[in-house]
Structure formats: structure tokens, C-alpha cells
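The block underneath contains the structure these notes are about, expressed in C-alpha cells.
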Amino acid sequence: MQQSDRPGLLFALAGFCTLTIGDSIVKGIDGAWAPTAIAAWRYGLGALGLTAILLMKEGVQPLRNIPNPGMQWLRGAGVGVATICFFASVWLMPLTEAIALVFTQPMFTAILAAVFLGEKLRWQTVAATLVAFVGVLIVLRPNFAEIGLAALLPLGAAFGMSVLVTANRAVAGRGSALAMQAYVALFATVILVAAMVLGHFSGLAQLEVHWPVWHIWARVAIIAVTASAAHWLIYMGTERAGAATVAPMTYGQLIAASLIGYFFFAEVPDLTAMAGAALIVMAGLWLWYEGRVRKGTKAPA
């Protein structure tokens, strides 16, 4: 690691750990409001803030000419599915285990990129995916016994995020970073509001939307603010050290989640589940390392 990379790594680590603040607030809400409503309110606030900043910085042109609208809808759908699935999962299972399962996202992304973007599926990716799958089975072991198929919700969140990341690659360079953030928030808000309405009339009690007490609105507003701050910190880290360099800092979330789960929710980590989480993290780090080595071999001397 170069000396100049350290500030970037610290920014990224702070950002990824800050994301856990919002996760813990969601867990604290614990069914007091439908996950679809929480997700819609969270992204609605984000869309308002990001759009206002975009208008101030770049004017109305980015909103008049949105590049590849179909792909923007896909990005919004991906983040919408991920958000609803994750919010619901942290109410049903320990925070650390839910986040550990979401870390299967790089494996999903590699497979989707191979299928839809024509990227080569290397043997290292297949091996890492198999290792992560074993880790998933270990983490899911106690949760399946307690909550059944709902234990798969974090994997739904990971898949949704992988759709977002794959779609991001497809539209890379079609607009500024700020515009791309605003687009995903805007399209996700429309999709999440539709999901909220459909869920309300679905007959499922868990998705029925009611007018919440004031502090629920306040908590979700804090989630939106902390998430925006976290993404800004991650962006600052990426700008200073590069995306490939800061990528492993995402696993700081797992440490932060373990501490928050223990001190605020009395969740004592299950050692067997932590062994499964370690396999998932190792698989992700392996993919990251192989990616850096591959790029390094292609770089000119």
C-alpha cells in the first residue's frame, strides 16, 4: 500500500461503516412500518436531495436527456429489490448474518456480467462462487430452521445489488457521477412507490401501509442522510485511492454490524455462522485480488 492510498482507504472504511448506522436504525424499526414504505421514503428523500444538487450544478439538461432510460429503469429496479429484501431481512435475522449474506453480491455480479455483458467467466470466479455458496449454506443453517424461506431475503438483496452494478457497467460514462446517482434514486423511488401501493393492497399484513408515528419518519430521514454521507465518503475514498484499492474496505461493515448487533440488540455471534461468513468474505477478497492481478498483468511496463 502506498502512503498516498491511506487517506482514501480511511475515507472508504468510514463510509462503509457509516452504512451500518442506517442498517441498525432499520433493524430498530422492526416491523413498525412496512419495508416497502421505508424504502420508498428513504429513496424519495434521496431523490429530492440529489435532484436539487444536480439542478444547481448541471442545470436541467441531464434530466431532459436521460441516457438509456431502459437501463435506468433496470438500475432502479435492482436497488429497489435489494432495499426491500434487506430491510425485511434484518428484522428476521441477526444483523451480522444478513450483511454477510449480502456480500455474495460480487459473485452474482460476475455471473451476470458474463451472461449479459459478455465478460469472460474465469475459473477463479467459478471457484470463488462455490466457496461462497458453501459459506451461504453454513450461515443459512440456523436461520432456515427458525424463519424458513425468509432466510433467503439477503440473497435477494445481493442479487438486486448485482443487477444494479451490472447495469452501472452498461451505462458507464453516459453521464456524471452525480447524474447517475440522481437517476438511480429517481427511478428507484417510482418503482418503490408502486411496490408500496401493490403491497398495501396485496392482503399481506406485513406490507400494509399505515400513517406512522412521527419518530418513524425521523428515523427514515436519518437513514437517508447517513446513507448519502456514507456514499460521499466512499466516493472520496475511491477518488483518492481507486475503486480496486478501496474495495476490501466494504468488509468493515461486517465488523461494525457485529459490534452494533452485540451492544444494541444483544445478538451474540453464532460461531458456526461466522465461519460461513468468513468463507463468503474470503471468496470476495479472492475475486478482488485476482481482478487486481489480472489488471496488473495487462498494464504496460
Side-chain angles (χ1 to χ4, degrees), residues 12-13 16-17 19-24 26-27 30 35 78 81-114 121-165 246-291:
L13 180 61
F16 286 119
C17 290
L19 285 174
T20 315
I21 296 174
D23 299 339
S24 62
V26 171
K27 188 172 182 66
D30 195 11
V81 168
T83 305
I84 293 172
C85 286
F86 183 74
F87 284 1
S89 70
V90 297
W91 295 343
L92 299 171
M93 59 198 301
L95 183 62
T96 305
E97 294 175 20
I99 290 178
L101 290 171
V102 173
F103 284 150
T104 55
Q105 175 261 312
M107 277 59 76
F108 280 123
T109 301
I111 295 171
L112 289 178
L121 188 62
R122 304 169 69 247
W123 72 265
Q124 292 93 336
T125 301
V126 176
T129 301
L130 292 175
V131 171
F133 180 69
V134 173
V136 166
L137 292 179
I138 294 173
V139 175
L140 287 178
R141 171 195 52 81
N143 294 296
F144 256 128
E146 294 179 14
I147 61 177
L149 290 176
L152 297 176
L153 283 169
L155 295 180
F159 181 77
M161 288 305 297
S162 69
V163 170
L164 170 64
V165 172
V246 305
M249 295 300 101
T250 186
Y251 297 110
Q253 282 183 265
L254 200 58
I255 299 172
S258 299
L259 293 173
I260 290 173
Y262 179 77
F263 286 109
F264 292 95
F265 301 104
E267 294 177 349
V268 180
D270 179 282
L271 293 180
T272 304
M274 288 298 94
L279 286 176
I280 295 171
V281 171
M282 286 171 56
L285 288 173
W286 187 18
L287 279 184
W288 165 78
Y289 175 76
E290 287 294 328

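Heavy-atom basis, side chains included; hydrogens, waters and symmetry copies ignored. Counting begins at 1 with the first residue of the sequence.
- A donor-acceptor pair is defined here as one N or O able to donate and one able to accept, closer than 3.5 Å; such a pair exists between the side chain of Lys27 and the backbone of Met93.
- At most 12 heavy atoms of other shown residues, nucleotides or ligands fall within 6.0 angstrom of atom CZ in Phe159.
- Residues Val163 and Val81 are not in side-chain contact: their nearest non-hydrogen atoms beyond the backbone lie 4.5 Å or more apart.
- Within the 4.5 Å cutoff, no side-chain heavy atoms of Ser24 are placed close to those of Phe264.
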Show your reasoning for whether side-chain contact (heavy atoms from CB on, under 4.5 Å) applies to Arg141 and Asp270.
CA-CA 11 Å; Arg141 171 195 52 81; Asp270 179 282; 3.4 Å; yes

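- The CD1 atom of Ile255 sits 8.0 Å away from atom CG of Leu13, with the distance rounded to the nearest 0.5 Å.
- Side-chain atoms of Glu267 come within 3.5 Å of backbone atoms of Leu95 as a donor-acceptor pair (strictly under, hydrogens ignored).
- Counting heavy atoms of neighbouring residues, nucleotides and ligands inside a 6.0 Å radius, atom CG of Leu137 exceeds 12 of them.
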Verdict with supporting geometry, Phe108 and Met161, side-chain contact (heavy atoms from CB on, under 4.5 Å)
CA-CA 9 Å; Phe108 280 123; Met161 288 305 297; over 6 Å; no

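- Residues Asp23 and Phe86 meet the side-chain proximity criterion, which asks for heavy atoms closer than 4.5 Å.
- Distance CD1/Ile99 to OH/Tyr251: 13.0 Å, rounded to 0.5 Å.
- The shortest heavy-atom contact between Leu153 and Ser89 is CB-CB, 3.8 Å.
- Taking all atoms of both residues into account, the shortest heavy-atom contact from Leu101 to Pro154 is CB-CB, 3.5 Å.
- Of all heavy-atom pairs spanning Gln253 and Phe16, the tightest one is CG-O, 2.9 Å.
- In this structure, Leu152 and Leu140 have side chains that are in contact, with non-hydrogen atoms separated by less than 4.5 Å.
- In this structure the side chain of Val26 reaches within 4.5 angstrom of the side chain of Trp91, judged on heavy atoms.
- Minimum heavy-atom separation, Val139 to Ala273: CG2-O, 3.4 Å.
- The environment of Phe265 atom CZ is dense: over 12 non-hydrogen atoms of other residues, nucleotides or ligands sit within 6.0 angstrom.
- Annotation for Ile280 and Ala132: closest pair CG1-O, 3.8 Å, computed over non-hydrogen atoms.
- With rounding to the nearest 0.5 angstrom, the OG1 atom of Thr20 is 5.5 Å from the CD1 atom of Ile260.
- The two atoms that bring Leu92 and Ala150 nearest to each other are CD1-CB, 3.6 Å, heavy atoms only.
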Phe133 vs Leu279, test: side-chain contact (heavy atoms from CB on, under 4.5 Å). Steps then yes/no.
CA-CA 9 Å; Phe133 180 69; Leu279 286 176; over 6 Å; no

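- A 4.5 Å side-chain heavy-atom check between Gln105 and Thr250 finds every atom pair outside the cut-off.
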